Amino acid sequence: MIMTTDELRQALGLVGIWMPPPARIGLDPQAFARAIEEAGFGSVWIPGVNAAADLEALESLLAGADRVADRYPGRFVLGLGVSHAPLVEAAGQAYTRPLAKMRQFLDELPAVRAPVVLAALGPKMLELSRDRADGAHPYFSPPEHTAFSRSVLGVAPLLVPEQAVSLADGSAGRTAGRAYAKYYLQLPNYVSNLRRFGFGDEDFADGGSDRLISTIIPAGPEAAAARVREHLDAGADHVLIQPVAETGFFAATDLGELASAVADLLK
């Protein structure tokens, strides 16, 4: 039986980890998952990239989702998203009418034995997350977006935003933030979403303004913990923290320090 959103909230706790596939960055998946759990984080969220053009091509993946949900009841959430124009077009597909495509996908989606959340930024995709899924997973967004998302979703659906952080203070933290943001500031969906919340052309130039970088990737343990709490206060159920190194990539070695920074929020 699929867990209710209230049961999911209880199981997830307040904070989890967002990270690339462990094996892709040289980590042992089981060992690092164990480290995350032992540190007190309630979940680990890992993105998957799929270039399949239609539902039939995804059948094996969906069947895999069911197998995982059956083998580990209450421990798997399936996330779905429409990706971004540059990535879709690089795979030889047309990025047209993403909202309509997600609606069609959900219409044709076989029943899966796991909760489903949608990657969502704009109001229409948030509405779809509310009406057709168990919640929403925003990414690269400020706490103000979390408050807006909750106003669209209402009380029941899950709201699980990602929050990148650098545990380095000062210029090293800003360097890490800019290195991380460089890729995402090339993707129109994220830029358009940030414009809705008061950021303009000057914030997107030259690798990102100090204001943008400090908002989206806070630097230092205290700032990182404060930003996570802002998301929770704005209506997030569970915040996915992504520690980033000076290179902008996932900082696996920061797990212990991150746990100390958010100790009062851990399970």
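Keep in mind that this is a model prediction, so the values were computed, not measured.
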Result block: side-chain N/O donor-acceptor pairs under 3.5 angstrom for residues 208-216, not counting sequence neighbours:
| residue | atom | partner | partner atom | Å |
| --- | --- | --- | --- | --- |
| S209 | OG | D203 | OD1 | 2.6 |
| S209 | OG | L212 | N | 3.1 |
| D210 | OD1 | R178 | NH2 | 2.6 |
| R211 | NH2 | G198 | O | 3.0 |
| R211 | NH2 | D203 | OD2 | 2.9 |
| S214 | OG | D210 | O | 2.9 |
| S214 | OG | R211 | O | 3.1 |
| T215 | OG1 | R211 | O | 2.8 |

How many angstroms lie between atom CD1 of I217 and atom CZ of F140, to the nearest 0.5 angstrom?
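So the CD1 of I217 and the CZ of F140 are separated by 5.0 Å.
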| field | Where at least one partner belongs to residues 216-244, residue pairs that pass salt bridge (Lys or Arg N to Asp or Glu O under 4.0 Å), sequence neighbours excluded | value |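 Residue pairs with at least one partner in residues 216-244: R9-D237, R150-D237, R227-E230, R229-D264.
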- prompt: Which pairs with one or both residues in residues 122-139 pass salt bridge (Lys or Arg N to Asp or Glu O under 4.0 Å), sequence neighbours excluded?
  reply: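 Sorted result for residues 122-139: D107-R132.
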Can D169 and R174 be counted as an ion pair, charged N to O under 4.0 angstrom?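 The answer is no: the pair does not qualify as a salt bridge.
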- Task: Indicate if Y183 and F250 have the same hydrophobic cluster label, given that clusters are the connected sets of ILVMFWY residues with side-chain heavy-atom separations under 4.5 angstrom.
- Result: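 Per the 4.5 Å side-chain linkage, Y183 and F250 are not co-clustered.
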Note to self: Closer than 3.5 angstrom, by distance alone: can the side chain of H231 be matched with the main-chain N or O of P161 as a donor-acceptor pair?
What the structure shows: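 The answer is no, because no donor-acceptor pair under 3.5 Å joins these two groups.
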Counting only heavy atoms not in K267 (residues, nucleotides, ligands), do more than 12 fall under 6.0 Å from its NZ?
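Enclosed.
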Using a 6.0 Å cut-off, check whether atom CD of Q186 has over 12 heavy atoms from anything other than its own residue.
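Enclosed: over 12 neighbouring heavy atoms sit under 6.0 Å from CD of Q186.
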Problem - Partner residues of F41 under the ring pair (Phe, Tyr, Trp, His ring centres under 6.0 Å) criterion, sequence neighbours left out - result: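 Ring pair (Phe, Tyr, Trp, His ring centres under 6.0 Å) check on F41 returns nothing, list empty.
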**Message:** Applying ring pair (Phe, Tyr, Trp, His ring centres under 6.0 Å), can you list everything that pairs with F199, at least two apart in sequence or on another chain?
**Reply:**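 Ring pair (Phe, Tyr, Trp, His ring centres under 6.0 Å) list for F199, sorted by chain: empty.
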(message) Which heavy atom of L232 sits nearest to which heavy atom of A236, and what is that distance?
(response)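 So the minimum-distance heavy-atom pair works out to CD2-O, 3.6 Å.
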Exercise for the section: Could I get the full list of side-chain contact (heavy atoms from CB on, under 4.5 Å) partners for D28, not counting sequence neighbours? Expected result: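 Q30, A31.
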Are any of the side-chain heavy atoms of F197 and S141 separated by less than 4.5 Å?
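No, too far: nothing below the 4.5 Å cut-off.
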>> Could you check whether Y139 and Q163, counting side-chain N and O atoms only, form a donor-acceptor pair closer than 3.5 Å?
In response: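 Not at all, the side chains of Q163 and Y139 share no donor-acceptor pair under 3.5 Å.
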